[in-house]
Protein chains: 2
Amino acid sequence: MASHGARGRSGGRPTLEEVAARAGVGRGTVSRVINGSPRVSDATRAAVEAAVAELGYVPNTAARALAANRTDAIALVVPEPETRFFAEPYFSDMLRGVGAALSDTEMQLLLIFAGSDRERQRLAQYLAAHRVDGVLLVSVHADDPLPDMLAQLEIPAVISGPRSAAETLTSVDSDNYGGARQAVEHLLGRGRRTIAHITGRLDVYGAQRRIDGYRDALREAGHAVDELLVEPGDFSEDGGRRAMEALLARRPDLDAVFAASDVTAAGARHVLREAGRRIPDDVALVGYDDSAIARHLDPPLTSVRQPIEEMGRAMIDLLLAEVADRRPAVSRELEPPRRMVLATELVERASS
Amino acid sequence: MASHGARGRSGGRPTLEEVAARAGVGRGTVSRVINGSPRVSDATRAAVEAAVAELGYVPNTAARALAANRTDAIALVVPEPETRFFAEPYFSDMLRGVGAALSDTEMQLLLIFAGSDRERQRLAQYLAAHRVDGVLLVSVHADDPLPDMLAQLEIPAVISGPRSAAETLTSVDSDNYGGARQAVEHLLGRGRRTIAHITGRLDVYGAQRRIDGYRDALREAGHAVDELLVEPGDFSEDGGRRAMEALLARRPDLDAVFAASDVTAAGARHVLREAGRRIPDDVALVGYDDSAIARHLDPPLTSVRQPIEEMGRAMIDLLLAEVADRRPAVSRELEPPRRMVLATELVERASS
DNA sequence: AGGTACTGTGGGAGCGCTCCCACAAGTGAT
DNA sequence: ATCACTTGTGGGAGCGCTCCCACAGTACCT
């Protein structure tokens, strides 16, 4: 390797200093132009820009990061194994939204999986080294220590799907409560009266909100809520199957099912078919997520769509704002966390 | 914000200097310990490690990058839109292999999509800024300018699937030639004599090698190669359909088809069915890739498996080596590019 | 005329590390 | 005892930038 002192002398990449010399101005002025400061005269700006173009100057990120104490990078942390990431359209939609929102920014996006213990270990190191200015957290379980860790390191973070009503991080969510109401009101409007609900995992806040929406929609329509019609699931197909069996055994007279996810609905559909119930003639079925599976089910599944791509966009907007007006944690603790809730949309198909 | 001078003074992250003071040694010694240099006595090493643990020291990446002129990051560049990345198992398998090979390294992996012009623009800037030490290139077309750009910037790179026999970059590939031979020899072994080949895109080197393998296998078994049995496809299902129609029209007596991809085979299967040919009774069918589609086809498709995960691992090994013994480009040009070819495996199923 | 403000600019200091040179201390051959 | 290495260590210089202070120049009030 070349000797240390001679490293970037002539053949290497041009530096700020060289651009300054070329443009006949000082280092500070070039820096101001590069960073878009308004305190530069038009003539000077033009001269600097010409020098930049002539030399093909590109700022050295490491030097900038060191001097300015920022990295211009944010991480999308997925606390799941990679397999799930690729399997579920949720993540790719989210990534698309995030990517779009970031595309007119200098910010660089890092995708970090933290499914295994080992990966979590690496992530902890990574965050401790402050290698990103902010973190996007998706699909976090209620007892995950990650959010606390971020708070302690004072790294700005935005979470999709708050962990509880008392979420301390800035959060973006879809309107789980409203979405559930839409589903139930739709079923009521179709003349259904005995509407069951297969819930999601009860330790997921969004699942709780869907239950609330289900109950309130019934109540406000003047129906009593029969707890025999509510059966816990876990978002999985198998869970949907088991829940449906339990429901059919308890209330064979039910005429509609609202499932907390499309996959759950697919499991329920299977059991209903085996029991000889026709969909939607005997039992109407509504799912949640409007995932690919909803379109391909037989019959196509009515489902509640969450605007996932928009959520990704919103998360970036909030995170960038938080990174920009980063303040001492003290004053931060006094403000309530920012929240954003996006509307859902009922997509009607043949199953209801 | 706190004043510049006071920034990292007391509340902030510990620095090398502080660790050195704590351990009662010099800055250089701490640096040696951190970087695993052997030129440190055991006692000193222990003292430094204790200080590091007590202070919770984590090296500042930006400072290290600036001083050492490296980033400890490499990029996996995918010159495709994100959608394809998520749709094709090829990429997720590759990512798994790459991730595994990297997991006991300090290297950080960046995933960069360069499907649109805009994204390519960003990538160019990114590379010009030397923000990564090396690049992994997957799925590059023959006329892509990316490799030249990398060469000019003197950024180490490894390509999966060389663009031609004269590929100048270090490359990792599966044995397309051998894989095709396996497929054809298998069909010959099953007593088939009139074996057609639907090729891949002719501008893809791997597709050419599969054609070579097909021809040589037939020739060496003492059969003449009938060019009427070779029809160009493009790896797509539709291409497979069209090619199969052409082949059936020209040589209705064919008794086997070797397709250059599983998707192509699926298209061919469709046409064969419509023409009333039974698989494998009338026509045996073999695909390439051993993708999910092969398992789910009716009948399940015999296919040539490429060890994609291993290829990912191999790419990392080669790239890290290249990054490690980075030399002036001059001496580099004198050596031939390194190449690695991994064996394929025929997975036999009901279609042949 | 003097003050006050603002605009535009140059350049010192410093970010936290790595690299390398200098040098002390020990080891063994002559 | 001298020389020649080797091993371990400290610290200066420098990586390329940002931040900020200082200051010249101009404009506008008293």
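Proteins get letters first, then strands, A, B, ... in listed order; numbering begins at 1 in each. Note: hydrogens, waters and symmetry copies are ignored here, and every other heavy atom, side chains too, is used.
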Carboxylate-amine/guanidinium contact B:Asp72 A:Arg131, below 4.0 Å:
no
note: A:Ile34, atom CD1; D:dG16, atom P; distance rounded to Å ~ 15 Å
Which whole-number value in Å describes the distance from A:Asn60 CG to D:dG14 C1'?
13 Å
On a plain distance test, is the side chain of B:Arg32 in donor-acceptor contact with the base of D:dG10 below 3.5 Å?
yes
What is the distance from CD of B:Glu17 to P of C:dC17, rounded to the nearest Å?
9 Å
Given DNA chain D, 5'-ward residue of the pair B:Arg27 and B:Ala63, judged by closest heavy atom
B:Arg27
Is there a side-chain contact between B:Ser41 and the phosphate of D:dT9, meaning an N or O under 4.0 Å from OP1 or OP2?
yes
Checking D:dG8, C:dG16, C:dT18 against the side chain of A:Leu66 (C-beta onward), the nearest is C:dG16
So CD of B:Glu49 and CD of B:Glu54: to nearest 0.5 Å the spacing works out to 12.0 Å
Is it true that A:Ser92 and B:Glu82 share a donor-acceptor pair across their side chains at a distance under 3.5 Å?
no
May I ask you to decide whether B:Arg96 forms a salt bridge with B:Asp93, counting only side-chain N to carboxylate O separations under 4.0 Å?
yes
How long is the line joining CD of A:Glu106 and P of D:dT18, in whole Å?
12 Å
Does the side chain of B:Asn35 get closer than 4.0 angstrom to OP1 or OP2 of C:dT18 through an N or O atom?
yes
Mapping B:Pro14 and A:Ala43 onto DNA chain C by nearest heavy atom, which one lands closer to the 5' end?
A:Ala43
In whole Å, what is the span from the CZ atom of A:Arg131 to the P atom of C:dC17?
13 Å
Has the side chain of B:Arg45 got a donor or acceptor that lies under 3.5 Å from a partner of the other kind on the base of D:dG8?
no
Side-chain N or O of A:Arg39 less than 4.0 angstrom from OP1 or OP2 on C:dT7?
yes
Mind checking ring pair (Phe, Tyr, Trp, His ring centres under 6.0 Å) for B:Phe85 and listing every partner two or more places apart, or none if nothing turns up?
A:Phe86, B:Phe91, B:Phe113
Rounded to the nearest angstrom, tell me the gap between atom NE2 in B:His130 and atom P in D:dG16.
12 Å
Closest to the side chain of B:Thr15, out of C:dC20, C:dC17, C:dG11, is C:dC17
Just N and O in the side chain of B:Thr29: are any of them under 4.0 Å from OP1 or OP2 of D:dT9?
no
Nearest-Å distance, CZ (B:Arg13) to C1' (C:dG16)?
9 Å
From C-beta outward on A:Ala67, which listed nucleotide comes closest to its side chain: C:dC17, D:dG10, C:dG14?
C:dG14
Closer than 4.0 Å, any side-chain N/O of A:Ser31 to the OP1 or OP2 of D:dC17?
no
Considering only side-chain heavy atoms of A:Ala68, which listed nucleotide, D:dG16, D:dC19, C:dT18, is closest?
D:dC19
Over how many whole Å does the gap from A:Leu55 atom CG to D:dG16 atom P extend?
14 Å
Do A:Gln108 and B:Tyr126 have side-chain atoms, one donor and one acceptor, less than 3.5 Å apart?
yes
Classify the nucleic acid contact of B:Arg64 as base, sugar-phosphate or nothing, counting any heavy atom under 4.0 Å across all strands shown.
sugar-phosphate
